[in-house]
Structure formats: C-alpha cells, structure tokens
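Below, chains carry the letters A, B, ... as their sequence lines are ordered, and counting in each starts from 1.
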Amino acid sequence: MSEQAAIKYIQAPLSAETVKDLRAGDVVRISGYIYTARDAAHKRLTEALARGEKLPLDLKDNVIYYVGPSPTKPGEVVGSAGPTTSGRMDKYTPTMIEQGMRGMIGKGLRSQEVIDACKEHGAVYFAAVGGAAAVIAQSIKGEEMIAYEDLGPEAIRRYEVENFPAIVVIDAEGNDFYKVGIAKYSKE
Amino acid sequence: MREINVSEVTKVVSQLCKDSCYYLPEELLAKLKASIDTEESPLGKEILTTIVENAELAKRKDVPICQDTGLTVVFMDIGQDVHFVGGDLYTAIHAGVADGYVNGYLRKSSVDDPLFIRKNTNDNTPAIIHTTIVPGDKVKITVSPKGCGSENMGALKMLKPADGVEGVIKFVVDTVRSAGPNPCPPVTVGVGIGGNMEKAALLAKYSLSRKVGEHNPNPQYAELEKKLLELVNKTGVGPSGLGGSTTAVAVNIEYAPTHIGGMPVAVNLNCHAARRAEAEI
Ligand code: SF4
C-alpha cells in the first residue's frame, strides 16, 4: 500500500484483472469511457430496477462518476467537473455493484455496506481531489447525453476521459485508504 | 444622507458572484502554496499541488474553481446614512445573484422547497442575506458562495459554562475529525462562541469571511485559535482526507456575550475552495 508507487494507467470500463491489481492508496490515471450520476439519477436507476425494468445503460464493468458539473462555457467540452460527496449514494450503491458496476469516482467516506459490496463483487472506489474541478475537466475530452436529460446537471452522461486523475481509496479486498492514511499521520 | 440606486447593488453583486467563484483569495492561495513544503505526506503534497494548480487554472480561464458554486451568502454592512432608491434592496441583491450565476456559467444549486418539492430555482436565488447597520454612508458587500460538501459537516452544540475551554476544544476537534475527507480539506474552521443558538451559528459563518492569517483581536481568543489549529492538524486527516499534516489552514473564532447559564458553540467548516469577494459602494 505504498503511496509513492508509480502512477498506474488504467482503462475504463474496468476488467476484473485491472481491479484485482489495484490497491488502496494507488495513484491512477483513467482513460476510456465513464458515466456520470448523482443522487437523483441513482434514485431513478434503483427504482427502475425495483420495477424490473431495463436500465438506460449497462452497468457491467462500468465506472460511475459522482459529478454535477457547472454549465459549459462556449468553446469548452464541459464546465468545471469535480467530484461530489459519495456518501449520499451509499444507500443505492450495493444494488448497483450487484448489477455489475465495477468502479465509482467521488469524494469522502463510504459506509461499511459499500466496502463489503466492493469486497464481495470485486469493485473499487476512487477519490478524485474534491474541488479540483477545473483541472479534472481538462481530462474530459468528450460528452454524450445518455439518460434523464430532464435532470439537468444531474442527468446521466458518458464522458470520454484521458488520464483522469484519481486515487484508489477502497480496493477489492475491502481496504479503506481513508482509515489507513489518516491513522498513519495522526499524532493524537 | 447619501442616495444609492439599488441597480448599483445588482451590478456589484453580479460581479462579486463571478469573481468569488473564479478567483481564490490571494492570501489563501499563498497559504496553500506554502503548505506544500510543510506537508508531511507525499500524497498530501501531490494533492496540495493539484489544488494550487486548479486555483491558478480557474483564474487563467475565468471558470469556477469548484463546480459546486454553492448557495450564495451575502453579507452587507450598510452605513446608516445611506438611502436606497430605485427599488427594493433585497430584490436587487437576488437580481445580482441571478445575473452572475446565469451569465457567469456558475452552477445553480438552489431548490425552492427543502422538504417536499425540491425544485431547482434555476438562477441560484434566493441568496442568503445578512445585513448589519453601521455608522457612515458606505455599503460594504461580501459575497461568499459555499458548497454543501463542507456546509453539511458543520455542527452546533449548546455547551454548559462548566464545559469551559476544554469543552470547546473537544467539540471543535471532534467536528473536524469526524468530517474527515467530506469538507475537502485543508479546511478553514469557523467557530462561533456565545450569544444564543442562532447567534453562534451566524458568528461561525461570519468568521469565515476573515482573511487567512488574521487573528481575533482579543489575545486570549487569538491564542485559542493557534492552539486549535495545532490540534486540528494533529488529527491526521490531511489534504483530501487521505492522511497528512495539513488538515486546516486557519481557525477563526468570533465570540459574543451570552447568558449566565449557557455557552453555545457553532463550528462551520469551509473547504479549500473558500470563496469570497468583497466591494464597497
Ligand atoms: S466542499 Fe468545497 S471544494 Fe469540495 S466539492 Fe464542495 S464546494 Fe467544492
């Protein structure tokens, strides 16, 4: 769990092998395609599942980014697009992981249920640097509307990303780097 | 008596909304830069470097530092010799917020009804307005948009006088520790002590409009600010809450007289993107 390890360059959607190779504390750059969703979209997705409906996107192996960007300025691909607080999605997350979702990008603490689901199904949770929204936006090269357009900034979009900067916080073995990192530097 | 047309207020508020969301206060940026050298965690150093790069990029491109451009908090010190003309002052402030957020490509995060409907107002109004009447004929406006990641981690406790300084220290440090990564550390810790319940909360929020590096003029409170900063930075929370020695850049305390039977304490955490812009009319 070295935090000085070299940067790992990975592709999304994530394969089972990629996930197995990731350790809590790893610094990564993600390239490929990821999907956006926050509270309102999660609510709709899980409600659709409960009704037995087909989802507007296949979650299998995909990474969901918890983000509600600022409006796009003319000439830009997206507005500022940093992570939002992940804990608000905890209630919906185990269901999504059961559906095959393999990665999440957000910021902040997750519940034990989410950690357990990561361990059981081989999923990972990445943190992006909260508030680094302008820098992060530079790694987003394309955007496509996928579903729930009426939700505005909360709609589900697909982002094409190149070297999206993130840090592995919860790995598929259930390690939580928030606990490890803070314990290491605590002087209390 | 000095007459000020409220359209002037609209213009100034609109500009301050944009400025505060694009440009981090200079003294805060300098402090964040300096903390790269003192941070003990290598990953923490990298995160701080990213945070500084981000603020510089936002300034260069005139884009929001953070996508959560918050609820808009407006503090107004109004000289008692000012007479506003040309319309209603609060309507003028809201119009300024709407103009700044719509034309400045800032995110609209305000919902009308907090519980049942939760419909976005689509222009970030209404602003949260705090006015104070002061001597003179000037108007000072401070706009401080604040996101919910940090606002959600605030806390208020009605401490007893017997809890004393130790009680205050424990409550402040516990609040920062349990907030962990959520308020996007390094944070500024705003503390309001005294008054009553709503006064303490307001003092905590108001203390965040202080410049980083300035202390409470009362030496005992200034000492406590320094001590709290030291203790908060021992929690190990660190940049982005991933461990490190830079959990906060400042602790600001404001205090007010209170009842013989009470000692309310409020803690309001602000993220590293502690946005603030001010102007005088
Ligand atoms: S806490 Fe602050 S920096 Fe973090 S996402 Fe919210 S507004 Fe942005």
Side-chain angles (χ1 to χ4, degrees), chain A residues 2-5 7 24-27 39-40 67-76 78-88 106-110 127-138 151-154 165 167-169 176-188, chain B residues 21 40-44 46-47 50-51 53-69 101-102 104-109 118 120 122 147-149 152-153 173 177 179-185 231 233-245 247 271-273:
Chain A
S2 160
E3 56 193 26
Q4 282 160 306
I7 296 172
D26 282 352
V27 176
D39 317 42
V67 61
S70 61
T72 310
K73 261 177 101 167
E76 305 274 341
V78 286
S80 294
T84 192
T85 307
S86 310
R88 295 195 314 269
K107 64 159 181 121
L109 305 167
R110 306 309 301 263
V129 176
V135 162
I136 291 170
Q138 289 200 311
L151 293 178
E154 296 208 45
I167 298 148
V168 179
V169 174
D176 181 350
F177 197 71
Y178 282 130
K179 289 194 194 110
V180 180
I182 293 173
K184 184 166 170 189
Y185 290 96
S186 170
K187 297 190 183 106
E188 295 187 301
Chain B
C21 288
E40 291 169 19
S41 150
L43 181 60
E46 197 177 310
I47 291 167
T50 305
I51 286 171
E53 262 173 37
N54 183 70
E56 288 171 345
L57 179 68
K59 183 173 177 184
R60 231 176 18 248
K61 292 180 72 177
D62 280 347
V63 297
I65 301 160
C66 180
Q67 77 290 339
D68 186 352
T69 48
Y101 274 69
V102 172
Y105 299 94
L106 308 179
R107 200 182 78 186
K108 292 79 179 170
S109 312
R118 292 194 69 88
N120 199 305
N122 289 327
C148 221
N152 277 352
M153 304 321 287
V173 177
R177 194 191 302 105
N182 291 16
C184 290
L231 291 172
N233 282 333
K234 281 187 177 161
T235 57
V237 170
S240 282
L242 288 162
S245 52
T247 301
C271 43
H272 65 76

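Pairing each heavy atom of A/Lys73 with each of B/Asp62, the nearest pair is NZ-O, 3.0 Å. Shown here for B/Cys66 and A/Gly131, the closest heavy-atom pair between the two residues is SG-CA, 3.9 Å. Contact between B/Gly243 and A/Tyr185 at its shortest, heavy atoms only, is C-CD1, 3.7 Å.
At a threshold of 4.5 Å between non-hydrogen side-chain atoms, the residues B/Lys108 and A/Pro71 count as touching. Residues B/Asn54 and A/Val129 have side chains not in contact (no heavy-atom distance under 4.5 Å, counting atoms from C-beta outward). Within the 4.5 Å cutoff, the side chain of A/Ile136 has no heavy atoms near those of the B/Gln67 side chain. For the pair B/Leu242 and A/Ile167, the minimum side-chain heavy-atom distance is below 4.5 Å. B/Leu43 is listed as a side-chain neighbour of A/Val27, based on a closest heavy-atom distance under 4.5 Å. In this structure the side chain of B/Tyr105 never reaches within 4.5 angstrom of the side chain of A/Ser80, judged on heavy atoms.
B/His272 places a side-chain N or O within donor-acceptor distance of the main-chain N or O of A/Gly130, the cut-off being under 3.5 Å. Checked by atom type and distance alone, the side chain of A/Lys107 pairs as donor or acceptor with a backbone atom of B/Asn182 at under 3.5 Å.
In terms of heavy-atom pairs under 4.5 angstrom with chain B, the leader among A/Gly82, A/Pro69, A/Ala81 is A/Gly82. For the set B/Val173, B/Asn120, B/Leu106, B/Thr247, the entry with the most heavy-atom pairs within less than 4.5 Å of chain A is B/Leu106. Among A/Ala183, A/Pro153, A/Pro165, A/Gly68, the residue making the largest number of heavy-atom pairs under 4.5 Å with chain B is A/Gly68.
If you measure heavy-atom distances from A/Thr72 to chain B, the contacts under 4.5 Å come from the backbone alone. Of the atoms belonging to B/Asn233, not a single heavy atom falls under 4.5 Å from chain A. For B/Thr50, the parts lying under 4.5 angstrom from a heavy atom of chain A are both the backbone and the side chain. In this structure, chain A has heavy atoms under 4.5 Å from both the backbone and the side chain of B/Lys61.
Crowding of B/Lys59 atom NZ: a count of heavy atoms from other residues, nucleotides or ligands under 6.0 Å not exceeding 12.
When the side-chain contact (heavy atoms from CB on, under 4.5 Å) test is applied to A/Ala137, the partners found at least two apart in sequence or on another chain are A/Val78.
Here the straight-line distance linking atom CZ of B/Arg118 with atom CG of A/Asp39 works out to 8.5 Å at 0.5 Å rounding.
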